[in-house]
Trainee: 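I'd like to ask you about the structure that follows.
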Number of protein chains: 2
Amino acid sequence: MDTLIALNKFRKYFESFVPLNDEEWQALSQYLTVDPLKKKKFYVEAGKVCDQIGLVVKGSVRYYHVKDGEEITGYFSFEDEMLSSYKSFLTRTPAVNYIQALEDSVIVNLSHKNLQQACMNELLGFKMERFGRLVAEHYLICYEERVTSFITQSPEERYSQLLETGGEALYRIPQHYIANFLGITPVSLSRIRRRIMKISA
Amino acid sequence: MDTLIALNKFRKYFESFVPLNDEEWQALSQYLTVDPLKKKKFYVEAGKVCDQIGLVVKGSVRYYHVKDGEEITGYFSFEDEMLSSYKSFLTRTPAVNYIQALEDSVIVNLSHKNLQQACMNELLGFKMERFGRLVAEHYLICYEERVTSFITQSPEERYSQLLETGGEALYRIPQHYIANFLGITPVSLSRIRRRIMKISA
DNA sequence: TCAAAACGTTAACAAAAGATAAGGAATTGG
DNA sequence: CCAATTCCTTATCTTTTGTTAACGTTTTGA
């Protein structure tokens with residue numbers, strides 16, 4: 001993907017939170033890099049500090065933990081979504097999870113160092129700060145809703161809701177990743193799917 | 001509780017994220033109110049917009065949803081923790097949960113309107129913005145870890161970990177609230193407790 | 001102070017989910 | 001292009017969890 005198109009996608013995403021004039025964008029774009037992430041390559045690996053935050057401008061990634069030698073998928077990021085191991089990035093501690101490309105992807109990256117510099121930049125500081133707040137709030141709300149779903153809904157209800165809210169991307173993801181995402185086993189998800197099929201049939 | 005003591009607690013909390021000089025604090029404190037919240041009184045009710053964000057300076061509160069006529073406890077806030085229905089507060093939409101005082105409490109409140117004014121205040125704007133970002137990031141990390149625990153751990157593991165990390169406050173909270181918090185039934189938690197007792201005995 | 005309500009535990013049974021294995025379809029990667 | 005792997009489903013069996021109800025204790029509130 002063309003670097004300029006990628007950067008413009010980042011600008012559009014940024015501006016959905018905080019508007020920028022051309023001068024500000026010019027300054028901000030200096031801090032960004034556009035990097036390809038080939039399928040199966042890692043954006044983050046457990047044990048290493050996640051040193052950047054990025055926007056998926058093409059493709060998709062999968063977040064997963066490894067427990068007892070098993071991969072457990074926790075989340076996904078698709079086009080026009082941010083990606084990072086937030087805790088690792090924010091606290092400068094080793095990540096506890098992996099982030100891996102599900103397909104050939106392109107990421108617009110902002111390294112920790114560059115973010116700090118952008119925040120100290122006269123012209124940008126305030127807007128970077130606000131962007132950071134709004135993005136954090138956005139994902140805070142996402143997580144809040146996810147926790148609520150774990151507490152108030154059965155696995156079957158969670159899956160039904162996912163079918164309603166999740167886009168077509170859902171159909172490109174292996175079922176066992178979705179099962180992990182819902183907090184159940186693949187076998188259990190398969191049973192739920194059969195039950196739902198019978199009802200709607 | 002004395003108003004000044006309460007306000008100083010808020011200052012201390014704020015400064016654990018962003019330092020303030022006396023002049024800035026003087027400005028900020030104008031936007032705050034100190035309100036008692038008697039046991040069983042509501043800080044937020046489902047269906048109403050949560051119009052403020054607060055810091056618990058004394059006491060504790062419980063977050064809960066009502067589903068099929070049943071109360072399901074999702075979270076708690078204790079002394080020196082923030083409280084709000086974040087989604088409702090941030091998006092100005094009706095809350096989907098209740099927040100109720102577990103004991104006679106005192107809250108230092110910042111209304112949505114006052115927060116906006118503080119953000120537009122020359123002297124404070126930047127620091128408010130940063131405080132907002134850091135608090136959002138802090139709770140983002142909390143939620144991230146909670147979601148991870150739902151996906152990677154069994155209810156028994158979640159409870160064991162809660163025993164390790166949760167403070168003495170744990171022993172003041174009814175078991176069935178904790179069961180909800182863990183995403184299981186009170187009966188199931190009781191069985192887990194017996195199993196753990198046997199092991200450690 | 002005292003009756004009512006709330007709590008935690010336990011038991012018995014039902015329902016759901018996990019574990020394991022097998023089989024066929026789809027995908028992958030050389 | 002084809003062998004190897006991954007994937008989804010299904011079946012069986014085990015374990016865990018949910019449901020309901022009962023009982024004694026503690027707490028609450030009038």
Side-chain angles (χ1 to χ4, degrees), chain A residues 38-41 59-60 62 64-73 76 100-104 149-160 162-163 169-201, chain B residues 38-41 59-60 62 64 66-73 76 98 100-104 149-160 162-163 169-201:
Chain A
K38 284 273 178 198
K39 183 171 180 173
K40 301 226 174 162
K41 290 286 180 189
S60 52
R62 171 174 76 104
Y64 69 88
H65 292 256
V66 173
K67 191 192 177 191
D68 303 332
E70 296 270 303
E71 294 184 4
I72 301 176
T73 298
F76 311 92
Q100 188 186 43
L102 283 170
E103 51 196 322
D104 286 354
S149 79
F150 275 111
I151 288 173
T152 64
Q153 298 184 306
S154 68
E156 184 153 345
E157 287 171 321
R158 286 205 293 282
Y159 180 62
S160 296
L162 184 64
L163 285 181
L170 218 58
Y171 301 99
R172 286 184 284 135
I173 297 176
Q175 296 297 327
H176 62 286
Y177 292 172
I178 293 175
N180 286 162
F181 175 83
L182 294 169
I184 58 179
T185 61
V187 177
S188 191
L189 176 58
S190 187
R191 287 189 282 235
I192 287 172
R193 282 160 60 81
R194 183 170 39 163
R195 260 179 273 159
I196 289 177
M197 251 173 51
K198 279 188 181 166
I199 291 168
S200 61
Chain B
K38 283 275 177 195
K39 183 171 180 173
K40 301 230 172 159
K41 290 286 179 188
S60 52
R62 171 175 76 104
Y64 69 88
V66 173
K67 190 191 178 192
D68 304 331
E70 296 271 302
E71 293 183 5
I72 302 176
T73 298
F76 310 92
Y98 298 82
Q100 188 186 44
L102 283 170
E103 50 196 322
D104 287 353
S149 79
F150 274 111
I151 288 173
T152 64
Q153 298 183 305
S154 67
E156 184 153 344
E157 287 171 320
R158 286 205 293 282
Y159 181 63
S160 296
L162 184 64
L163 285 181
L170 217 59
Y171 301 101
R172 286 185 281 135
I173 296 176
Q175 296 296 328
H176 63 285
Y177 292 172
I178 293 175
N180 287 161
F181 175 83
L182 295 169
I184 58 180
T185 60
V187 177
S188 192
L189 176 57
S190 186
R191 286 189 283 235
I192 287 171
R193 282 160 61 82
R194 183 170 42 163
R195 262 180 273 160
I196 290 177
M197 250 174 51
K198 278 187 182 167
I199 292 166
S200 60

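Worth saying up front: this structure is predicted, and the values here are computed from it rather than measured. Just the heavy atoms: all of them, side chains too, but no hydrogens, waters or symmetry mates, feed the values below.
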Trainee: Round to the nearest Å and state the distance from B:Gln100 atom CD to C:dA6 atom C1'.
Mentor: 14 Å
Trainee: Using heavy atoms to find the nearest nucleotide of DNA chain D for B:Leu189 and B:Lys39 separately, return the residue whose nucleotide is more 5′.
Mentor: B:Leu189
Trainee: How is B:Ser190 classified with respect to the nucleic acid when contacts are heavy atoms under 4.0 Å: base, sugar-phosphate, or nothing?
Mentor: base
Trainee: If I take atom CD1 in residue B:Ile72 and atom P in nucleotide D:dG18, what distance separates them, rounded to the nearest angstrom?
Mentor: 11 Å
Trainee: Does A:Thr185 place a side-chain N or O at less than 4.0 Å from the phosphate oxygens OP1/OP2 of C:dG18?
Mentor: yes
Trainee: Do NZ/NE/NH1/NH2 and the carboxylate oxygens of A:Asp104 and A:Lys38 come within less than 4.0 Å?
Mentor: yes
Trainee: Pick base, sugar-phosphate or nothing for B:Pro186, based on heavy-atom distances below 4.0 Å to the nucleic acid.
Mentor: nothing
Trainee: Using whole Å, what does the distance between atom P of nucleotide D:dT10 and atom CD1 of A:Ile192 come to?
Mentor: 14 Å
Trainee: Think A:Arg194 has a side-chain N or O under 4.0 angstrom from the OP1 or OP2 of D:dT10?
Mentor: yes
Trainee: Counting side-chain heavy atoms from C-beta on, which of D:dT17, D:dC7, C:dG18 comes nearest to B:Ser188?
Mentor: D:dT17
Trainee: Examine D:dT28: is either OP1 or OP2 under 4.0 Å from a nitrogen or oxygen in the side chain of B:Lys40? Give yes or no.
Mentor: no
Trainee: How many Å lie between CD on B:Glu70 and P on D:dT20, as a whole number?
Mentor: 10 Å
Trainee: About how many Å separate CG of A:Leu182 and CD1 of A:Ile192, when rounded to the nearest 0.5 Å?
Mentor: 7.5 Å
Trainee: Is the shortest side-chain N/O distance from B:Arg195 to OP1 or OP2 of D:dT17 below 4.0 Å?
Mentor: yes
Trainee: Whole-Å distance between D:dC8 C1' and A:Tyr177 OH?
Mentor: 14 Å
Trainee: How would you label the contact of A:Ile184 with the nucleic acid (heavy atoms, under 4.0 Å): base, sugar-phosphate, or nothing?
Mentor: sugar-phosphate
Trainee: Nearest whole angstrom, please: distance from the C1' of D:dC7 to the CD1 of A:Ile178.
Mentor: 13 Å
Trainee: Send over the distance from B:Asp104 CG to D:dG29 C1', rounded to a whole Å.
Mentor: 14 Å
Trainee: Just compare C:dA11, C:dA17, C:dA21 and give me whichever is closest to any side-chain atom of A:Val187.
Mentor: C:dA21
Trainee: Rounded to the nearest 0.5 Å, what separation is found between the CG atom of B:Leu102 and the CZ atom of B:Arg172?
Mentor: 9.0 Å
Trainee: Using atom CD of B:Gln175 as one end and atom P of D:dT25 as the other, report the distance to the nearest whole Å.
Mentor: 18 Å
Trainee: Could you tell me whether the side chains of A:Arg158 and A:Ser149 share a donor-acceptor contact shorter than 3.5 Å?
Mentor: no
Trainee: Does the base of D:dG18 carry an N or O that pairs as donor and acceptor with the side chain of B:Arg191 under 3.5 Å?
Mentor: yes
Trainee: Closer to the 5' end of DNA chain D via nearest nucleotide, is it B:Gly183 or A:Ile173?
Mentor: A:Ile173
Trainee: Looking at the side chain of A:His176, which of D:dT17, D:dC8, C:dT10 is the nearest nucleotide?
Mentor: D:dC8
Trainee: Just checking, is any N or O donor in the side chain of B:Arg193 or B:Tyr159 under 3.5 Å from an acceptor N or O on the other one?
Mentor: yes
Trainee: Fit a plane to each ring of A:Phe76 and A:Phe181, take the angle between them on a 0 to 90° scale, and name the class: parallel (under 30°), tilted (30 to 60°) or perpendicular (over 60°).
Mentor: tilted
